[in-house]
Amino acid sequence: MSEEAPDRFEIPKEMRTMAETSFEQARKAFEKFLAGAQQAAGTMEERGATVRAGAKDISAKAMSYAEKNVQASLDYAQSLLHAKDLTEVMRLHSEYVQTQMRSLAEQASEMGQIVSRAAIDATKPKG
């Protein structure tokens, strides 16, 4: 006898679409953030050796952010696979979106501070 999985929870098409849209929005926001950071790092690298350390800090921080955000997305996707019902899917989705938006805002703020410090250091007269 072949039996189907007992009461396997299926994610409705609308929920999948909403989750995919959120993933896409988070991905685009991060790509925009990362592109800005890379552009700032490239601009600063052109200014000389004094700024290279700051540019390296920016690159390292951007990579750290990317790793953190990818891990958060993978954790979210895994949690969805174990959701027992639609209510849990909605709760997980809401928590993920809120956490990612907070995280991206914090990352943008930190990156802005690093870029500002590096720019100030690059303009200081050498004494």
Side-chain angles (χ1 to χ4, degrees):
M1 264 189 268
S2 93
E3 291 182 22
E4 296 201 17
D7 297 326
R8 172 132 167 72
F9 174 68
E10 288 293 323
I11 299 174
K13 184 178 181 181
E14 295 79 13
M15 286 300 304
R16 286 184 197 272
T17 301
M18 188 168 69
E20 289 169 5
T21 300
S22 294
F23 272 123
E24 188 65 19
Q25 288 172 343
R27 184 180 65 77
K28 285 180 180 177
F30 185 71
E31 286 175 355
K32 184 177 178 182
F33 159 76
L34 195 55
Q38 289 171 339
Q39 181 180 8
T43 299
M44 289 188 335
E45 280 185 329
E46 294 168 5
R47 292 190 187 150
T50 308
V51 186
R52 284 199 174 79
K56 285 181 184 177
D57 287 347
I58 291 168
S59 296
K61 191 59 101 169
M63 287 305 296
S64 170
Y65 292 155
E67 290 172 17
K68 180 180 176 183
N69 292 330
V70 168
Q71 188 59 50
S73 295
L74 294 173
D75 291 346
Y76 169 62
Q78 186 174 17
S79 70
L80 286 178
L81 294 175
H82 301 288
K84 292 176 180 46
D85 56 28
L86 185 57
T87 302
E88 187 174 0
V89 169
M90 293 297 291
R91 179 185 57 79
L92 291 168
H93 177 72
S94 177
E95 289 172 359
Y96 171 76
V97 170
Q98 290 174 6
T99 300
Q100 282 305 101
M101 290 304 120
R102 266 195 313 271
S103 182
L104 289 172
E106 289 170 8
Q107 292 169 7
S109 175
E110 288 174 12
M111 188 62 77
Q113 292 171 12
I114 292 170
V115 170
S116 294
R117 277 195 303 270
I120 289 168
D121 289 346
T123 59
K124 282 183 184 172
K126 293 180 173 71

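Please read all numbers here as calculations on a predicted model, not as lab measurements.
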Open item on the list: If we count only N and O atoms by modelled type, under 3.5 Å, do the side chains of Tyr96 and Ser73 hold a donor and an acceptor together?
Closed with: yes
Open item on the list: Looking only at the side chains, is there a donor atom on one of Tyr65 and Glu110 sitting less than 3.5 Å from an acceptor on the other?
Closed with: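 Distance-only check passes for Tyr65 and Glu110.
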- [ ] Apply side-chain contact (heavy atoms from CB on, under 4.5 Å) to Gln78 and list each qualifying residue two or more places apart in sequence or on a separate chain.
- [x] His82
Interatomic distance, [X] atom [atom1] to [Y] atom [atom2] [nearest 0.5 angstrom]:
X	Y	atom1	atom2	value
Lys68	Gln100	NZ	CD	8.5 Å
Ile114	Arg117	CD1	CZ	6.0 Å
Leu92	Asp75	CG	CG	11.5 Å

- [ ] For the residue pair Asn69 and Gln107, establish whether any side-chain heavy-atom pair is separated by less than 4.5 Å.
- [x]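 Yes, at least one pair of side-chain atoms sits under 4.5 Å.
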TODO: Say whether, by atom type as modelled, one donor and one acceptor occur between the side chain of Ser109 and the main chain of Ala105 under 3.5 angstrom.
DONE: no
TODO: Would you confirm whether Ser79, through its side chain, and Tyr76, through its main-chain N or O, come within 3.5 Å as a donor-acceptor pair?
DONE: yes
Open item on the list: Tell me which pairs pass salt bridge (Lys or Arg N to Asp or Glu O under 4.0 Å) where either residue lies in residues 92-101, with sequence neighbours left out.
Closed with: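 Only Arg91-Glu95 qualify under salt bridge (Lys or Arg N to Asp or Glu O under 4.0 Å).
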Open item on the list: More than 12 heavy atoms of other residues, nucleotides or ligands under 6.0 Å from CE of Met90: yes or no?
Closed with: no
TODO: Would you kindly confirm whether Leu104 and Met63 end up in one hydrophobic cluster when ILVMFWY residues are joined by side chain heavy atoms under 4.5 Å apart?
DONE: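 Leu104 and Met63: separate clusters.
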